[in-house]
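Reading through the structure tokens given below for one structure.
From a predicted model like this one, the values you see are computed outputs, not experimental measurements.
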Amino acid sequence: MKLTVILPAHNEGANIREVILGIKQYVDNIIVVDDGSKDNTYFAAKESSPNVVVLKHKINLGKGAALKTGCEAALKLGSEIIALMDADGQHAPEDIIKMVEKLEKENLDIIFGVRLMNEAMPLLTRWGNRLLTKIINFLSGVSLSDTQSGLKVFRASIYPKIAWQTNDYSVETEIMLKIGKNKLKYSQFPIQTIYRDVY
């Protein structure tokens, strides 16, 4: 099945080439959406690999808008499975393949990468994520241990059921609410996470 990875990127010129080359070891189809970056994100992505599709928003519209642009492009290219992944190098690309395998083996609609809530995660991030997760699980009727992870894989056929309106970071929450509303088959998968920020 044709798998496409969507990378929403804003001022990720320092990381995007490394991220793309890491993904390329496992997945051929990558769409980068430069969301109005002020740095060299667009050109760094274009120069990283000849087969990467790089789209650009003239102004910064937000993560939700960048993901929407990427997903719509992936559908036009005939993608059957779509992976959403942050462009900051936080995720391990090999986890995408493991998640796809689980998606297909268990006949799921969507699978979420969940980060380990341990000492590796910055303290404020850990506390905030736990609180948000409890609230969103309650509102959506979906049960996940990490609702804010940027890594998820889903079948392109369900996109109309989860298509979001929000343009900002609340896209993660809106997807959860629509999964609950449409009673989609979901699961989660523990993923590696690299924290670059210091608190």
*To the nearest 0.5 angstrom, please state how far the CD1 atom of Ile175 sits from the CG atom of Leu184.*
11.0 Å
*Is Phe43 linked to Val19 within one hydrophobic cluster, defined over Ile, Leu, Val, Met, Phe, Trp and Tyr using a side-chain heavy-atom separation of less than 4.5 Å?*
yes
*Measure the shortest side-chain to side-chain distance between Val114 and Leu151 over non-hydrogen atoms and say whether it is less than 4.5 angstrom.*
no
*asked:* Tell me which pairs pass side chain to side chain donor-acceptor pair (under 3.5 Å) where either residue lies in residues 152-164, with sequence neighbours left out.
replied: Lys152-Glu172
*Answer with yes or no whether the hydrophobic clustering places Leu67 together with Ile59; edges join I, L, V, M, F, W, Y residues whose side-chain heavy atoms lie under 4.5 Å apart.*
no
_Residue pair Glu174 / Gln165, side-chain heavy-atom distance below 4.5 Å_ = yes
*When Lys63 is tested against each of Asp168, Asn167, Asp86 for side chain to side chain contact (heavy atoms under 4.5 Å, CB included), which residue passes?*
Asp86
*Going from CD1 on Ile82 to CG on Asn29, what distance comes out if it is rounded to the nearest 0.5 angstrom?*
11.0 Å
*Flag the pair Val32 / Lys56 as yes when at least one side-chain heavy-atom distance between them is below 4.5 Å, and no otherwise.*
no
*Got a sec, which residues hit salt bridge (Lys or Arg N to Asp or Glu O under 4.0 Å) with Lys181, two or more places apart in sequence or on another chain?*
none
Name the atoms and distances for all side-chain donor-acceptor pairs under 3.5 Å in residues 70-80, with sequence neighbours left out.
{"unit_1": "Ser79", "atom_1": "OG", "unit_2": "Thr4", "atom_2": "OG1", "d": "2.5"}
{"unit_1": "Ser79", "atom_1": "OG", "unit_2": "Ala74", "atom_2": "O", "d": "3.0"}
{"unit_1": "Glu80", "atom_1": "OE1", "unit_2": "Lys2", "atom_2": "N", "d": "2.8"}

*Results of side-chain contact (heavy atoms from CB on, under 4.5 Å) for Asp28 - residues two or more places apart only*: none
*For Lys68, what residues pass the salt bridge (Lys or Arg N to Asp or Glu O under 4.0 Å) criterion, not counting sequence neighbours?*
none
*Step by step, work out the side chain to side chain contact (heavy atoms under 4.5 Å, CB included) result for Leu84 and Val5.*
CA-CA 6 Å; Leu84 309 182; Val5 178; over 6 Å; no
*Hey, does Ile179 have a side-chain heavy atom less than 4.5 Å from the side chain of Ile110?*
yes
_Check against side chain to side chain contact (heavy atoms under 4.5 Å, CB included), Ser48 and Ile16_ = CA-CA 8 Å; Ser48 65; Ile16 194 67; over 6 Å; no
*Atom CG of Leu103 and atom CZ of Phe189: how far apart are they, to the nearest 0.5 Å?*
12.0 Å
_Contacts of Asp109 that satisfy salt bridge (Lys or Arg N to Asp or Glu O under 4.0 Å) - sequence neighbours left out_ = none
*Apply the side chain to side chain contact (heavy atoms under 4.5 Å, CB included) test between Leu55 and each candidate in Asp35, Ile6, Thr69; give the one that qualifies.*
Thr69
*asked:* My understanding is that only residues two or more places apart in sequence, or in another chain, count here; which of them pass ring pair (Phe, Tyr, Trp, His ring centres under 6.0 Å) with Tyr42?
replied: none
*Between CD1 of Ile111 and CG of Asp95, what distance do you get to the nearest 0.5 Å?*
10.0 Å
*Look up atom CG in Asp88 and atom CD in Glu12, then write down how far apart they are to the nearest 0.5 Å.*
5.5 Å
_Is there a path of hydrophobic side-chain contacts, each under 4.5 Å between heavy atoms, that joins Leu21 and Ile96?_
no
_Under the side-chain contact (heavy atoms from CB on, under 4.5 Å) test, residues paired with Ser37 that sit two or more places apart_ = His10, Asn11, Asp34, Asp39, Thr41
*Can you name the side-chain contact (heavy atoms from CB on, under 4.5 Å) partners of Tyr26, sequence neighbours left out?*
Pro93, Glu94, Ile97
*Determine the minimum heavy-atom distance between Ala44 and Gly13, stating which atoms define it.*
CB-O, 4.1 Å
*asked:* Any heavy-atom pair between the side chains of Phe154 and Ile162 that's under 4.5 Å?
replied: yes
*Counterpart residues, side chain to side chain donor-acceptor pair (under 3.5 Å), relative to Lys102 (two or more places apart)*: Glu106
*Look up atom CD in Gln188 and atom CG in Leu108, then write down how far apart they are to the nearest 0.5 Å.*
11.5 Å
*With sequence neighbours excluded, what pairs up with Lys46 under the salt bridge (Lys or Arg N to Asp or Glu O under 4.0 Å) test?*
none
*Can you hop from Ile20 to Val27 via hydrophobic side chains spaced under 4.5 Å?*
yes
_side chain to side chain donor-acceptor pair (under 3.5 Å) involving Glu101 - partner list, sequence neighbours excluded_ = none
